[in-house]
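Residues take their numbers from the sequence shown, with the count starting at 1. The shown structure was predicted, so the numbers you read here are calculated from the model rather than taken from an experiment.
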Amino acid sequence: MALTKIQLSELLQVYAQMLTEKQREALSMYCDCDCSLSEIAGEVGISRQGVRDAIVKGESTLVKLEEALHLAELYRKLSVAVEQQDKDSVFGVAKAFVSKE
């Protein structure tokens, strides 16, 4: 399943340090700056195919990390609960996350 740039950006915020520097840089420019593969290639100093490979591999890594850890989902749910200033919701989200197997 291909993710949207917004979904990729959210996962990148959570798991960026788990990627290689080139994957992190290429994904950041692709998602957050809306750069084309050619623009990224020129900036990073690799081929367009190298940029595409970095983005595809980075996306795959991000998806696998989220499937295993669910940290981006936790962040989204906690953000909503905190924004609504709902202390019970915050505790409920945290408790549900901790009790997951």
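With hydrogens and angles ignored, the 3.5 Å screen pairs no side-chain donor or acceptor of S89 with any backbone N or O of D86. The backbone N or O of Q7 lies less than 3.5 Å from no partner atom in the side chain of E10, so there is not a single donor-acceptor pair. Side chain of S28 to main chain of R24: no donor-acceptor pair is present (N/O by atom type, distance under 3.5 Å, no hydrogens or angles). No donor-acceptor pair under 3.5 Å is formed between the side chain of S60 and the backbone N or O of V56. A donor-acceptor distance shorter than 3.5 angstrom exists from the side chain of T61 to the backbone of K57, with no hydrogens or angles considered.
Side-chain heavy atoms closer than 4.5 Å link hydrophobic residues (I, L, V, M, F, W, Y) into clusters, and following such links, possibly through other members, connects F97 to L78. Taken together through direct or relayed side-chain contacts under 4.5 Å among Ile, Leu, Val, Met, Phe, Trp and Tyr, L69 and V63 form part of one hydrophobic cluster. Using a 4.5 Å cut-off between side-chain heavy atoms of Ile, Leu, Val, Met, Phe, Trp and Tyr, with links allowed through other members, V82 and V93 fall into the same hydrophobic cluster.
A 6.0 Å sphere centred on CD of E73 holds more than 12 heavy atoms belonging to other residues, nucleotides or ligands. Open room surrounds CZ on R52; 12 or fewer heavy atoms of other groups in view lie less than 6.0 Å from it. Around NZ of K64, the count of heavy atoms belonging to other residues, nucleotides or ligands within 6.0 Å does not exceed 12. With a 6.0 Å radius and a threshold of 12 heavy atoms from other residues, nucleotides or ligands, Q49 has its CD atom above the threshold.
Among all heavy-atom pairs drawn from A72 and L11, the shortest one is CB-CD2, 3.6 Å. E66 and L71 make their closest contact through OE1-N, 3.3 Å (heavy atoms, listed as atom of the first residue, atom of the second, distance). Taking every heavy atom of both residues into account, D34 and E39 meet most closely at O-OE1, 4.3 Å. L65 and M18 get closest at one heavy-atom pair: CD1-CB, 3.6 Å. The heavy-atom pair separating E59 from L3 by the smallest distance is OE2-N, 3.1 Å. Across Q23 and G58, no two heavy atoms sit closer than the pair NE2-N, 3.8 Å.
Tested against I46 for a side-chain contact (heavy atoms from CB on, under 4.5 Å), the candidates I40, D53, V51 yield a single pass: V51.
Atoms CD1 and OH, from I55 and Y30 in turn, are 6.0 Å apart once rounded to the nearest 0.5 Å.
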Q) Does the pair L19 and L12 meet the rule for a side-chain contact (heavy atoms from CB on, under 4.5 Å), with working shown? A) CA-CA 9 Å; L19 301 175; L12 187 60; 3.6 Å; yes
